[in-house]
Each structure stands twice: as C-alpha cells, then as structure tokens.
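Being a predicted model, the structure only gives us computed values, none of them experimental. Lettering of chains follows the sequences in order, A, B, ..., and the numbering in each one begins at 1.
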Number of protein chains: 2
Amino acid sequence: MNLKQLAEHLNLSQTTVSRALNGYPEVSEKTREKVLRAAQELNYSPNARAKGLATGRAHAIGHVLPISDQHEMVNPIFGDFIAGAGQTYSKAGYEVVISLVDDKDEEQAYRSIRNRGNVDGIIVHGPRMTDSRIALLTELGLPFVVHGRASQVSLPYSWLDTNNGRAFQRATEFLLDLGHRRIALINGLEFMDFAHRRRVAYEGALTDRGIAPDPALMRSEEMTEIYGYRSAAEMLSLANPPTGFLVSSMITAIGVRRAIHEAGLEMGRDVSVITHDDDLGYLRNGHDVPIFTATRSSVRLAGMRAAEMLLELIRTPAHAPLTQLMEAELIIGSSTGPAQ
Amino acid sequence: MNLKQLAEHLNLSQTTVSRALNGYPEVSEKTREKVLRAAQELNYSPNARAKGLATGRAHAIGHVLPISDQHEMVNPIFGDFIAGAGQTYSKAGYEVVISLVDDKDEEQAYRSIRNRGNVDGIIVHGPRMTDSRIALLTELGLPFVVHGRASQVSLPYSWLDTNNGRAFQRATEFLLDLGHRRIALINGLEFMDFAHRRRVAYEGALTDRGIAPDPALMRSEEMTEIYGYRSAAEMLSLANPPTGFLVSSMITAIGVRRAIHEAGLEMGRDVSVITHDDDLGYLRNGHDVPIFTATRSSVRLAGMRAAEMLLELIRTPAHAPLTQLMEAELIIGSSTGPAQ
DNA sequence: GACCGCACCCAAAGCGCTTTGAGAAACGTT
DNA sequence: AACGTTTCTCAAAGCGCTTTGGGTGCGGTC
C-alpha cells in the first residue's frame, strides 16, 4: 500500500492525502479524518526512503562505534546508552542506525555516512584525548553530539559528559578522609578522555594532601573483571600494599573484590574500594543498600539527554554548540571504611 | 557531490557513471577507471535513500529490541551480538537499524517497519515461548532470523539458537556426578524460551537420576547480580541448603559468589557453582584458568552467524528456512568440586 | 450580475539514483 | 561498399514521497 494507491482508493489526489496525513491546514477536517481512518484501516505507512528523498531528512540518528585493534571490545555501557537515547528518538519519530567503524578508515567512513544521507546527525562515542572526528564532523557540517569530551580539541562543539574529574577527586578525598594513604587507581585506557581526566583528578587530590602518586599503584587497561582481579591481586602482594582502591567500573570492581577475598581480606574493613558506577540495568549496585561505595552517574540518562541535544541541533541547524556536564552522586556503600 | 555532478564533471552521462561504479560490463575498463578515480577524489558516495528507492533494497538490517513493562532492561548480551552481526554486515555493505518496540503495539510496529521499507530483513531478539512475531513476520513476507527459538510456534521459520537444553542437562549431570543432590536453579525469566528450555532440561536431568525437583530451589527472574545474590543468600540459609547452583548468566553467578562468600563458605569447596557463559567481551570467565565452571557459547559468534543466515535469506527470497543449533562447550573451572 | 475571497483540491516537478530500450561508433566480414 | 557485431554511451522513465503553483466552486458583497 503506497500513497498513490491510498489516494486512488479515496478518490483524492496524492497531494491532498499527503497533506491530510502531515497535518497541513489546506485540507478540511472531514477530509482529513476520512484519510486518517483509511490509512489506519489499510495499514498504510509512508515509505521512509521516499519520504527522506523528498524532504532531505532521514529521521534517523547515527551511532558510530569505533572498532580498533587496540580495544575491539564492545562497550558494555553502549546498550544502556542506546536504550536511553532510543526512548527519546522514538518519541520524536527517529530511528537509530549503528555503524561499526574501524578507526583505520575513520575519515572515509564519516564522509561516506554524510554522503549516504541516511542519518540527520551523529552521536560520537568513546572520544579520545585528541579526537580527529570532531574537526572532521564540524567540517562536514553534520550535526553531532559527543558523549564525553576531547580535552585536546579546542574547537567549540556539542558534548554531554559526566564530571569525571570532580567525581574522582571526591572519591579520592573520601578515601583520604578515612585515613587511607596508599590508594590505588585501577583506571580505564588512558587515551580515552574520561580515563585521563580521572587520573589527573586522582593525582591532583593526592598531591593536594602532600602525597606523591605512586606509579606502582596505577593501572590503565580495558575495564574487564579479570583486569580488576589481576591488578588488585598483584598490588595486594606488594611489600607495601594499598589500603584503598579507586576503580573505574563496576565490572572491574567486582574483579577487585574477588582478589581481596582471595587474599583473605575483607572489603570495607581491611581494604576499601570505591568505584564508578554507570548505573547499568543488569548491574545495579544493590537495591536498597549499595554494595560498593561509588560515584554514580546514569548512562541511560546520559543517552536520553544527549539525544535531546542532538535533536535540538537538528531542528535548528545554526544552533550554537550545546554542552552539558552531569555531576556524579557519591553513594556510600559498605565497601569503604577507615584505614586500619 | 551527487551522481549528476560527478557525471557532468566527467563529461559522461549518469547512466555510464552509475554503471561504471556498480561494475556493469557495458562500460570500458578505461572509462571505469577514470570514473572510479574521480569518485574517489571528489569523495563521492551514492545517496543511500535514492539508491534504496531505485533498487528497492535498503541495505540495512533491523534489530528490534522489545521493551516491555515486565522487563525493561536492555539485554546485556545485545552489545556483543550486534558487534558480531555488525562485522558480517559491514563486509556485505549493510547497516544496522535499531528499533525499540514496546510490546503493546508490536504488531503495529512490525507492520510499519515493513512499510517504511528501510530494512531488508530483521533479527528477532528475545523470543518468548509463544511468540506472535514469528507468524506476523511470516505473513508480512519480511525475511527474518530469530536469535533463539519459540517452542510453541509450529510454523517453519529461520532461527539460530544455542542448545540450551543440552547445555543445562550436561551441567546438571556434571554436578550430579560430583555427588551433589541438592542442586538449585537460578534461572532467567521463564516466559523467555531459552530459560524455559533450561529449566525443563534441569528437571529432566534430576528426575532421570531419581531426584524430585524441589520448588524451593528454583528461581526465575531477570538475570541481574542482585538477583543472584539474594536467591543464593536465601537458599543458603534454608534448613536444608543446596550444595550446587546452576546459574543462567555470569552476572548472576557473580551475585551467587558474593552470597557464598558472605555466608562464610568457599565456592568450589563448600558450594559448587556452574553458570552459563555468553563469552561477553567485558566479562570473560578468566583468561587461562576459568573462574567458573560454565557452559560457554559465544554470543558474538551467534551474531555473526545469524547475520550470515539473514543475508542469505535476503539474497534468495524463496529460500527455505535456515536453522542452526550451536552446542555449548562445558568449561571446567574452579567453582565446582565434589559434594561434601 | 460581476467580482472577490476563501476553502478545498489537483497536476506536475523534483529529490538522487537505477535501468530500460535504443543509438552511435568502431570494427571485422563478405 | 554494404552489412552485421561488438562496444560504448545516452535520454528518459520510474521508485514513493513532498511541495509548488495553480485551479475550481461556493458564498458573500457591492
């Protein structure tokens, strides 16, 4: 069933039917109603490609997942982010298109996405410290919002980020206030912007209290469970082991917890752990009583907000860049306690 | 840059340029080369909407995520599945379109997806025991592959599934062979087909050995960490607690492990745990030494295979339904041991 | 009765591509 | 020289929609 058939069925022109369906005022209410009813009954819905061709809008948003040799892992937070964003999109009648892009031909890929014209805007995931995509997309004139930031990029651009620096500063201070002096950082990959910010904040908080950051207590890798386990196990067997851990994700923190248990220690008493918590649906940090003391920031909410920002940019093309910094909550759980 | 401009630039007709780009034989090698070079230089890539309109193919695959009140959680395995499928798609020049569909208006949604015409086929996620989508999509004539199966549906249709029954049967027998008699099942939601199959297999394996399944040792919920923790904690405080646990996902198993530790018991010695492991990138079950004894089946691989099947169905429209059953490996880790 | 304005409706062009049906050019064959 | 073949190229139609630039018919005004 297409427009033409629907129009013939109704003995109207395609124009009139199209206008009736799209809410233009040039058509009487009676006609509009008839048209809407028929469309409903005959299960008509317009062909998106044709509509896109005619209007120049795709009614779709691109989410580009960088795939690289360095870390081919799919971001575990991606699902929740998309779920949040998707909710906003579907209200506005937009769809999500996902492209996996090898970062070897990133430039080519983004150019092609632009030319293919099946998205009206892009959400940029996983920004690095110095991310070339921002300049590229600006040049291409394709609306975009970055989830995160790129510290080294000085161009103005739209982004939505969690205040990772503030969160990790507070977390470090929290442990310091409890009397901890040997505090380890189990961080994500530090060419990723968020991880870099976290380390800077952690080091800053330490030095502010006159403590020199100890390289033996800092790790930077992909945030898996195993990584948390190994790092913590190794550090706990040092001559002078840490009494507190700052961890970059719940999954990794779970590995840290495992290492602590295996070392015969108790988390929250012998060793304190504080983690960042993206508030993922399948990995809640406890219901009523949080397990981990954590800096919490909902990635799902971030998705919703980023989507709204992008839709706004698409609606008004000349819009100035939008930015939004979300503060993380500090959640006190049972994984921290005073230093022994 | 569009076809017309490119053709003008080359002093050729659109037809010739189009044919040159799409590898038709009616154009000389010299011309083709010239065209390709120019396209490269001028960064031309065809408008997907227009191409789609003209060819009737969208070169995109739809992944529909059911969202319901019953479980609005985003499937944590979705990311890995998409990553696998995406790899296959991008080789074939296809893209991924994601739709979040509230299962209240499922029928409407699938009809509209079909009419909108921006996907050539669909991967159906999260099939229920009796899933109306299969009949619907068959009727609509839209190619689709189900990730999983729907036991109650007798129509022939294409699916790719892990042999959940066999996996859980083996897992149960493994524990039985170790001397366990009180074996608990911490299952997923049992209106989901995979979870149902797992329970049936578990009960079957028990009764085959003359053990009556005990309802007090069976749970069925969304597979979160907390759920694993609570269920295990409760069961361990029973008068007659289980000595073995069969768990439906790694995340949930981690919760079970936590409960075991908190009860002052040791996993693998006092209590055995065996879990299903989807081999997710961010939640590897150990590198060399697996942590959990597990039935392992890579969801990423499933994504790749399902994508291949779907592309095949799209290529040859009259194709008979394709099916594929993947066997899970039984991985022996340190979370199991002889019953005390 | 002529004129105007309004409400309603339509035909046709155009979005950027593919593809059909056919023509021109170059070449060999008789 | 006339004719077929092969190779290369093109103009134009069509995919399903929106939107422009009118038209038609009706009631009201003078």
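The pair A:Arg315-A:Glu308 does not count as a salt bridge, with every side-chain nitrogen at least 4.0 angstrom from each carboxylate oxygen.
Nucleotide C:dC9 holds its C1' atom 13 Å from the CZ atom of A:Arg32, rounded to whole Å. The distance between atom CD of A:Glu8 and atom P of C:dC10, rounded to the nearest whole Å, is 12 Å. Nucleotide C:dC9 holds its P atom 15 Å from the CG atom of A:Leu3, rounded to whole Å. Spacing between atom CD of A:Glu29 and atom P of C:dC8 amounts to 9 Å, rounded to whole angstrom units.
Aromatic ring orientation, B:Phe81 versus B:His63: perpendicular (interplanar angle above 60°, classes split at 30° and 60°). Between A:Tyr157 and A:Phe144, the angle of the ring planes stays under 30°, which puts this pair in the parallel group of the 30/60° scheme. Taking the six-membered ring for Trp and thresholds of 30 and 60 degrees, B:Phe78 and B:His125 have ring planes more than 60 degrees apart, a perpendicular arrangement.
The side chain of A:Tyr24 places no N or O atom within less than 4.0 Å of a non-bridging phosphate oxygen (OP1 or OP2) of C:dC8. An OP1 or OP2 oxygen of C:dC10 is reached within less than 4.0 angstrom by a side-chain nitrogen or oxygen of A:Ser13.
In this structure A:Lys4 satisfies the side-chain contact (heavy atoms from CB on, under 4.5 Å) test together with A:Asn2, A:Glu8, A:Gln14, sequence neighbours excluded. With sequence neighbours excluded, the residues satisfying salt bridge (charged side-chain N to carboxylate O under 4.0 Å, His left out) with A:Arg149 are A:Asp161. Listed by chain and number, the residues in a side-chain contact (heavy atoms from CB on, under 4.5 Å) with A:Ser28 are A:Lys30, A:Thr31 (sequence neighbours excluded).
Distance check: B:His147 NE2 to B:Ile77 CD1 gives 5.5 Å after rounding to the nearest 0.5 Å.
Using a 4.0 Å heavy-atom cutoff across all strands shown, A:Ser18 reaches at least one base atom of the nucleic acid. Using a 4.0 Å heavy-atom cutoff across all strands shown, A:Thr15 reaches at least one base atom of the nucleic acid.
Contacts between residues 44-53 of chain B and DNA chain D, counted as heavy-atom distances below 4.0 Å, involve B:Leu53.
When each of A:Val146, A:Leu310, A:Thr323, A:Leu322 is checked for a side chain to side chain contact (heavy atoms under 4.5 Å, CB included) with A:Ser158, only A:Leu322 meets the rule.
In this structure, the side chains of B:Glu139 and B:Arg111 come closer than 4.5 Å at one or more pairs of heavy atoms.
If one axis is set at each end of the helix from C:dG1-D:dC30 to C:dT30-D:dA1 from five pairs, those axes are 70° apart, to 10°.
Other residues, nucleotides and ligands place no more than 12 heavy atoms under 6.0 Å from the CD atom of A:Gln40.
Of all nucleotides in DNA chain D, those with any atom nearer than 4.0 Å to a heavy atom of chain B start and finish, going 5' to 3', at D:dC8 to D:dG16.
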